[in-house]
Amino acid sequence: QVQLVESGGGLVQAGGSLRLSCAGSGSIVGFNNMGWYRQAPGKQRELVALIDLSGRTNYSDSVRDRFSISRDNAKNTVYLQMNNLKLEDTAIYYCNADVTVPSGFRTTLRNYWGQGTQVTVSS
């Protein structure tokens with residue numbers, strides 16, 4: 001069983017910063033693509049940032065130049081540094097990962113979600 005656990009959310013004033021972490025645990029061979037998504041009240045879940053195994057990153061237009069995604073493969077952890085936060089960044093932030101897990105004598109790739117962490121930006 002694999003678990004992704006987010007941390008680092010909270011209440012911050014507009015213009016402030018937060019750093020989210022997502023740590024994986026369980027029967028893990030390795031992480032492939034990792035990403036952060038968010039869902040604001042009444043809205044659909046949307047992609048925030050992605051990072052692949054080689055470290056290449058991709059961001060939504062709304063957070064580019066303010067957010068930075070990174071990973072520590074040795075710790076099975078992905079981070080999201082959020083700077084210059086805006087009111088519209090308020091949402092539940094979810095970690096997502098493609099994880100290589102044991103499957104009998106082989107391995108298989110499965111997708112997992114974390115439970116989410118609340119980020120609230122106040123004026």
Side-chain angles (χ1 to χ4, degrees):
Q1 189 72 6
V2 172
Q3 283 191 320
L4 301 179
V5 179
E6 299 103 333
S7 61
L11 175 64
V12 63
Q13 285 192 324
S17 298
L18 283 175
R19 188 191 193 209
L20 306 183
S21 299
C22 172
S25 63
S27 186
I28 298 170
V29 175
F31 281 79
N32 291 36
N33 295 333
M34 306 179 80
W36 289 94
Y37 292 74
R38 67 186 182 187
Q39 188 166 19
K43 295 188 177 181
Q44 289 188 331
R45 191 172 298 188
E46 63 175 1
L47 172 69
V48 176
L50 290 173
I51 185 167
D52 69 13
L53 194 57
S54 67
R56 287 175 298 189
T57 58
N58 190 26
Y59 298 92
S60 69
D61 289 341
S62 62
V63 307
R64 187 172 288 116
D65 298 328
R66 298 188 297 122
F67 291 10
S68 178
I69 188 171
S70 61
R71 62 191 289 166
D72 185 334
N73 293 329
K75 296 181 178 180
N76 290 335
T77 299
V78 61
Y79 304 96
L80 185 68
Q81 178 66 43
M82 305 185 294
N83 298 326
N84 190 22
L85 282 159
K86 302 177 179 181
L87 296 178
E88 53 264 39
D89 294 319
T90 295
I92 299 175
Y93 283 70
Y94 296 92
C95 172
N96 179 268
D98 292 324
V99 186
T100 302
V101 298
S103 179
F105 294 106
R106 300 182 178 182
T107 60
T108 189
L109 195 64
R110 292 181 180 165
N111 186 263
Y112 293 90
W113 289 92
Q115 82 289 350
T117 185
Q118 177 70 47
V119 171
T120 303
V121 184
S122 65
S123 58

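Sequence positions, counted from 1, serve as the residue numbers for this chain.
Considering CG of Leu87 and CD of Gln13, their distance stands at 10.5 Å, rounded to 0.5 Å. To the nearest 0.5 angstrom, Thr120 atom OG1 is 4.0 Å from Gln118 atom CD. Considering CD of Gln81 and CD1 of Ile69, their distance stands at 12.0 Å, rounded to 0.5 Å. Between the CD1 atom in Ile51 and the CG atom in Asn58 there is a gap of 11.0 Å [rounded to 0.5 Å]. How far OG1 of Thr107 is from CD1 of Ile28: 13.5 Å, rounded to the nearest 0.5 Å.
Looking at heavy atoms from C-beta onward, Met82 lies out of side-chain contact with Val48 at the 4.5 angstrom threshold. Side chains of Trp36 and Cys22 form a contact here, defined as non-hydrogen atoms less than 4.5 Å apart. The side-chain heavy atoms of Phe31 and Leu4, taken from C-beta on, include a pair separated by under 4.5 Å. Taking the side chain as every heavy atom from C-beta outward, Pro102 and Val29 approach each other to under 4.5 Å. The shortest side-chain heavy-atom distance between Trp113 and Arg45 falls under the 4.5 Å cut-off. Taking 4.5 Å as the limit, every side-chain heavy atom of Ile92 sits out of range of all side-chain heavy atoms of Tyr37.
Residue Leu85 comes nearest to Arg66 through the heavy atom pair CA-NH1, 3.9 Å, listed as atom of the first residue, atom of the second, then distance. Of all non-hydrogen atoms in Gly9 and Leu20, the two that sit nearest each other are N-CD2, 3.5 Å.
The local environment of CD in Gln39 is crowded, with over 12 non-hydrogen atoms from other residues, nucleotides or ligands closer than 6.0 Å.
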Cut-off 3.5 Å, no hydrogens considered: what does the side-chain donor-acceptor table look like for residues 73-80, sequence neighbours left out?
{"unit_1": "Asn73", "atom_1": "OD1", "unit_2": "Arg71", "atom_2": "NE", "d": "2.7"}
{"unit_1": "Asn73", "atom_1": "OD1", "unit_2": "Arg71", "atom_2": "NH2", "d": "3.1"}
{"unit_1": "Thr77", "atom_1": "OG1", "unit_2": "Lys75", "atom_2": "O", "d": "2.8"}

Could you list the donor-acceptor pairs under 3.5 angstrom formed by side chains in residues 94-101, with sequence neighbours left out?
{"unit_1": "Asn96", "atom_1": "OD1", "unit_2": "Asn111", "atom_2": "ND2", "d": "3.0"}
{"unit_1": "Asn96", "atom_1": "ND2", "unit_2": "Asn111", "atom_2": "OD1", "d": "2.8"}
{"unit_1": "Asn96", "atom_1": "ND2", "unit_2": "Tyr112", "atom_2": "O", "d": "3.2"}
{"unit_1": "Asp98", "atom_1": "OD1", "unit_2": "Asn111", "atom_2": "ND2", "d": "2.8"}
{"unit_1": "Thr100", "atom_1": "OG1", "unit_2": "Asn32", "atom_2": "OD1", "d": "3.3"}

Candidate pair Asp61 and Arg64, rule salt bridge (charged side-chain N to carboxylate O under 4.0 Å, His left out), full reasoning: CA-CA 5 Å; Asp61 289 341; Arg64 187 172 288 116; 2.5 Å; yes
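The hydrophobic cluster containing Met34 also contains Tyr59, counting ILVMFWY residues as joined when their side-chain heavy atoms lie under 4.5 angstrom apart, directly or transitively.
Thr90 places a side-chain N or O within donor-acceptor distance of the main-chain N or O of Val121, the cut-off being under 3.5 Å.
Remark: of the listed residues Glu46, Glu6, Glu88, Glu46 is the sole one forming a salt bridge (charged side-chain N to carboxylate O under 4.0 Å, His left out) with Arg38.
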